[in-house]
2 protein chains.
Amino acid sequence: MGNPRGVRPQRAALADLPSLKPQPTAAERAAEVIRDGIFEGRFMPGTPLPETDLADALGISRNTVREAFRTLQAEHLLDYEVNKGVSVRRLTPADAADIYRIREILELSSLDLITSTPAELDTALLTAAVAEGRHAADNGDWVAVGTANLRFHAQIVALQGSPRLDEFFQRVMTEMRLGFLAVADPRSLHEPYLDLNGRICAAVCAGQLAEAREMLRHYLHTARGEIVAAVTPA
Amino acid sequence: MGNPRGVRPQRAALADLPSLKPQPTAAERAAEVIRDGIFEGRFMPGTPLPETDLADALGISRNTVREAFRTLQAEHLLDYEVNKGVSVRRLTPADAADIYRIREILELSSLDLITSTPAELDTALLTAAVAEGRHAADNGDWVAVGTANLRFHAQIVALQGSPRLDEFFQRVMTEMRLGFLAVADPRSLHEPYLDLNGRICAAVCAGQLAEAREMLRHYLHTARGEIVAAVTPA
DNA sequence: GAGATGTCGATTGTTGAACAATGTGGATTG
DNA sequence: CAATCCACATTGTTCAACAATCGACATCTC
């Protein structure tokens, strides 16, 4: 290693190494698989999640499962009753109404607050979500169409570029999925909005924000009625 | 109990009993005391929270402390590094900027969306927060003045009556407290806004929403600069 | 003495077992 | 049929243990 005065080539290369991310804990990974499962519609609302079953399935201990549950509980993805454990969240009509109220506030505000020109707006992920939805529809996978729809609307709020707002809204959209699952026929729910999302996206990209806003507002109003009805117990 | 058809007096009284809340778990109570402590400014940002110390202090086991930590972590009240544990959140300048961006979006939207008349608006808690601030100032307790200020602004968003938005914003206000604590002299920070909050409150109660909005917007802009500067490391 | 390396105690991540408290469903009883 | 009782499953919580990691200090090398 003796390298008298001057540049040290090997060391320079070392500095360029990407600092490797700390390996997430078991509890974090457990929370993630459950969270992703819910977002993608693989868990029906109301499904009980016994600690022992989860521990066995994930190959971790009960205490670690409980840590993951506390995380997901704080994210409102699980229902919890003391001494009864957790289950996949089931939305009440009041929940659905609240979610649509928030969507109206945040999604419409997001469009209203756009000041930059369409060119400098980051619409790549927006158009990607529209494409993802069309692709899923071609495959007849209507649950995946719903996922793409959730992503599309999350991207509208993401135009604001606020990490906190993004995270909050992503969480609200995950709750939204739990409402989608209450609708018996996902196709009749999502199919009409495939095209609408495309038109909204086109309008945003073209800078026609007033038109986009009106389409979005109308969509939220219509969908709200469908979901609130679906989550209302017979 | 044989009570042939008809009203059963004793039972009727029983039905009116308020269903007593399930006793919260130890982890929930632990999370609550830490959360309240942070909101009220009793923990300095960066303070490490070793699991064993907390367990001893609260009289619970380490596993239960960890459950509480996972909850508070999901609420962004704690900084966390794997294998290093948690500490009271320390805001970065980017955090402070993001928080004020969200405050602008949500607090101003809240005023804009008010449609009801001043009379039917629930302004009791708003005026209470103003009074609480004045009272604390009389006692020279400037940290408590800050708490009242946080409550006042949380109440502005609460005018919308959305449970989810309330909870999210309450969390953001708790983060805000961590920014307040970075300011050396709390008096010079909060004193000028005591009166301003009173004027905003009066304007809202009088239905002069445009005036209230403008005062609020100006406040957020000014305060933003102070807090961002305070959390910027020397 | 400065920088690199080795070492040790403290803290965290995780597990498994244990036990009390609570909830659940079914059998029993009147 | 309703109320009661009982056995069983699940949750809330603790404890002790151990590997992995971190931080600080001692040690070595030049």
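Here is the naming used below: chain letters follow the sequence lines, and residue numbers restart at 1 for every chain.
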(message) Under a 3.5 Å distance rule, please check whether B:E28 uses its side chain to pair with a backbone N or O of B:T25 as donor and acceptor.
(response) yes
(message) Given 3.5 Å as the limit, does a donor-acceptor pair link the side chain of B:Q160 with the main chain of B:S110, or not?
(response) yes
(message) Whether B:K84 contacts C:dG13 is assessed here as follows: a side-chain N or O lying under 4.0 Å from the phosphate OP1 or OP2. Is that the case?
(response) no
(request) Inspect the contact between A:E40 and A:R177 and indicate whether a charged nitrogen and a carboxylate oxygen are less than 4.0 angstrom apart. (result) no
(request) Could you check A:L91, A:V231, A:I99, A:I227 and say which one makes a side-chain contact (heavy atoms from CB on, under 4.5 Å) with A:L178? (result) A:L91
Nearest-Å distance for atom pair [atom1]/[atom2], residues [X] and [N]:
{"X": "B:Q23", "N": "D:dT13", "atom1": "CD", "atom2": "P", "value": "9 Å"}
{"X": "A:E81", "N": "C:dT24", "atom1": "CD", "atom2": "C1'", "value": "14 Å"}
{"X": "B:Y80", "N": "C:dG13", "atom1": "OH", "atom2": "C1'", "value": "7 Å"}

(message) Quick check for you: among D:dG12, D:dT21, C:dT12, whose closest atom lies nearest to any side-chain atom of A:V82?
(response) D:dG12
(request) Mind running a 4.0 Å heavy-atom check of residues 53-68 of chain B against DNA chain D and sending the residues that fall below it, in number order? (result) B:G59, B:I60, B:S61, B:R62, B:N63, B:T64
(message) Holding to side-chain hydrogen bond (donor to acceptor under 3.5 Å, both in side chains), I want the full list of residues that pass it with A:E104, two or more places apart in sequence or in another chain.
(response) none
(request) Could you say whether A:P24 or A:N83 is positioned toward the 5' end of DNA chain C, judged by the nucleotide with the nearest heavy atom to each? (result) A:P24
(message) Does B:F69 reach a base, just sugar-phosphate, or nothing at all? Heavy atoms under 4.0 Å.
(response) nothing
(request) Please work out which of the three classes, parallel, tilted or perpendicular, describes the rings of B:Y219 and B:Y193, given edges at 30° and 60°. (result) perpendicular
